[in-house]
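Order of the sequence lines fixes the chain letters, A, B, ..., with proteins taken first and strands second; residue numbering starts at 1 for each chain.
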Amino acid sequence: MLRLFDSVHGEVRALRQREAGRLSMYVCGPTVYDLPHLGHGRFTLVWDVARRWFTFSGLEVQFVSNITDIDDNIINRAQREESSEEQVAALYEAHWWDAMAAIGVARPNATPHATQYVAEMVTLIESLLASDVAYVTSDGVYFDVSRVPDYGLLAGQPLDSLRAGARVEANDEKRSPLDFALWKSAKSGEPSWPAPFGAGRPGWHTECVVMSLDLLGNGFDLHCGGLDLKFPHHENERAQAVASGRPFAQHWGHNGWVMVGDQKMSKSLGNFTSLTDLLEKTDARAYRLLVLRSHYRSPIEVSPATVADAERALARLDALARRFELRALGGEQLERASDFVFEGDASDLFNRVSEALDNDLDTPSAVAMLFDALSDANAMADRGDANSAKEMANAVNALFGSMGLALLATTNEIDSASATLVRERDEARALRDWDGADRLRDELVALGWIVEDSSAGTQIRRA
RNA sequence: GGCGGCGUGGCCGAGUGGUUAGGCAGGGGCCUGCAAAGCCCCGUACUCCGGUUCGAAUCCGGACGCCGCCUCCA
């Protein structure tokens, strides 16, 4: 049975489906005003892995993730760069999808944009105003959190204690410091949309509730995002749904942050590393492996050292892929267990990995098991048990594939000069001319090749 | 002030009371002309102090240290 930590109940519990066999899942996406950073990379990887595992397990997953394409940050950036909000959003959305493709995060089934949903948001705000849950001030429309009896459910604190610690600056027109903007009144030079309660633009918290309910319907199964969205963003989404009388997400999942040193990587601290930068220097799969090796709810340290560590571990996986000529999985393709055959020891592996991943996405355990299995496969092959070895290697590949991690048996174009050196080295070795063979190996290494001997002779691949 | 989390061997990082997590790095061995890859073996751990228990990294209490949320953030 599929079990996942639910932030509302603070415990791991069954992840139920509204419709048998189908899982509806919404993940809060990025605001596109800058390059994606490591935190974006983590949350997209975590929920991509979740989606892939659910799919692998046989569920039909409906995965929706939004793009916030209108927001203060976008407006600020546009003004700073003397550009338009549309241009800023389009540019960084393009960067976003490039980065997603690079880290192998599969496209959502739907990617609603806030600006496409303004009319629906206006309708929601109107109804909240009509029921007096929202009120108009000089700078917009606010939601009155006191009208939602269980406000604070996700925060794990009642309204009073949240209010006591509120750090929001006082605003005379707001009834409570915790009340949040549903609609921000138009300012000159900023994009705005007409509305009965005054032209303006939507607040961040309103778009996700509208888009998720529109695309996934009332009482959809799972709503996910970074831990920092739990409060107030998700709380506020939920509040709007509750106030509208619409059942909202039945299960809430939150992933831990990326740490820089001992601190959370965050906007206010400005201690970002862009995902784009990381990808220029590293095999993108190393980041996925790094994410898989720690639990999704734990903080992870992403540093040159931890990334390099993951890259070296990856080399072991790729060596397996070369040895057994495994087919690369992952990317846009979502695998299904039903497309693979697991027999004997491989079947046992499959069962144990399934149990781990079904239990709150315990990827660290799964990865540990797969590394054990990798050793087993190599040992079997060393022993001459080629069939069992191949079965096990295939299972390892399939199960890493179920988490979107591709094992690569990289093949390189070998130029004729290098090919000649390889041939000469094999000839030298046949003549037991070790000095000559070593010299030719040095030459190949100097050309950027990794040289390995095998029963089939000199093998080279790019370093 | 309220709420929550964390403190594991050289590093990263799991861990559901009892038997090896795993990876990286390091040491020894096998294989190999050498190297690489692969296989086998190996180190030391659980912040501190009490308690419960036959037995605790794991449960309880306390101390110390660290981090986060209650503005923006994935």
Checking the side chain of Arg77(A) only, and the main-chain atoms of Val88(A) only, is there a donor and an acceptor separated by less than 3.5 Å? no

Pick one for G50(B): is it syn, with its angle within 90° of 0, or anti? anti

Measure from the side-chain heavy atoms of Trp257(A) and tell me the nearest of C24(B), G22(B), A74(B). A74(B)

Is there a donor N/O on one and an acceptor N/O on the other, under 3.5 Å, for the side chain of Asp438(A) and the base of G33(B)? yes

Rounded distance in Å - CE (Met380(A)) to P (G38(B)): 16 Å

Expressed in angstrom and rounded to an integer, what is the separation of Phe231(A) atom CZ from A74(B) atom C1'? 17 Å

Nucleotide nearest Ala319(A) (side chain, heavy atoms from C-beta), chosen from A37(B), C34(B), C70(B): A37(B)

Taking CG from Leu159(A) and P from G2(B), how many angstroms apart are they, rounded to a whole number? 17 Å

If I pick the P atom on C54(B) and the same atom on U16(B), what distance separates them, to the nearest angstrom? 23 Å

Which of these nucleotides, U71(B), C24(B), A35(B), is closest to any side-chain atom of Pro232(A)? U71(B)

Which parts of nucleotides 5-21 of chain B does protein reach within less than 4.0 Å, heavy atoms only, written one letter per nucleotide 5' to 3' as B for base, S for sugar-phosphate only and - for none? -------SSS------B

Can you measure Arg163(A) atom CZ to C3(B) atom P for me and round it to whole angstrom units? 17 Å

A74(B) OP1/OP2 closer than 4.0 Å to side-chain N/O of Asn255(A): no

Paired nucleotide for G55(B) [Watson-Crick or G-U wobble; both distances under 3.5 Å]: none

Base, sugar-phosphate, or nothing: which does Val46(A) touch, judged by heavy atoms less than 4.0 Å apart? nothing

Nearest-neighbour nucleotide for the Thr31(A) side chain, C39(B), A74(B), A35(B) considered: A74(B)

Check every atom of A37(B), U71(B), C39(B) against the side chain of Asp382(A) and return the nucleotide holding the closest atom. C39(B)

So what does Ser375(A) hit on the nucleic acid, given a heavy-atom distance under 4.0 Å: a base, only sugar-phosphate, or nothing? sugar-phosphate

Compare the ring of Trp434(A) with the six-membered ring in the base of G33(B) and state whether they stack (centres under 5.5 Å, planes under 30°). yes

Residue whose closest nucleotide on RNA chain B lies nearer the 5' end, Ser454(A) versus Arg316(A): Arg316(A)

Tell me yes or no: between the side chains of Asn378(A) and Arg323(A), is some donor less than 3.5 Å from an acceptor? yes

Quick one: on RNA chain B, does Gly256(A) or Arg429(A) contact a more 5' nucleotide (nearest heavy atom)? Arg429(A)

Can you check the His223(A) NE2 to A74(B) P distance for me, whole Å? 13 Å

Please output the side-chain donor-acceptor pairs of residues 427-440 of chain A that fall under 3.5 Å, not counting sequence neighbours, one pair per line with the distance.
residue: Arg429(A); atom: NH2; partner: Asp453(A); partner atom: OD2; Å: 3.4
residue: Asp433(A); atom: OD1; partner: Gly436(A); partner atom: N; Å: 2.9
residue: Asp438(A); atom: OD1; partner: Arg441(A); partner atom: NH2; Å: 3.2

Tell me whether the NZ or CZ atom of Arg51(A) lies within the 45° cone about the ring axis of Phe63(A) and under 6.0 Å from its centre. yes

Choosing from G2(B), A37(B), A74(B), which nucleotide comes nearest the side chain of His37(A)? A74(B)

Nearest-Å distance for atom pair CZ/C1', residues Arg322(A) and A37(B): 8 Å

Rounded to the nearest angstrom, tell me the gap between atom NE2 in His233(A) and atom C1' in A74(B). 10 Å

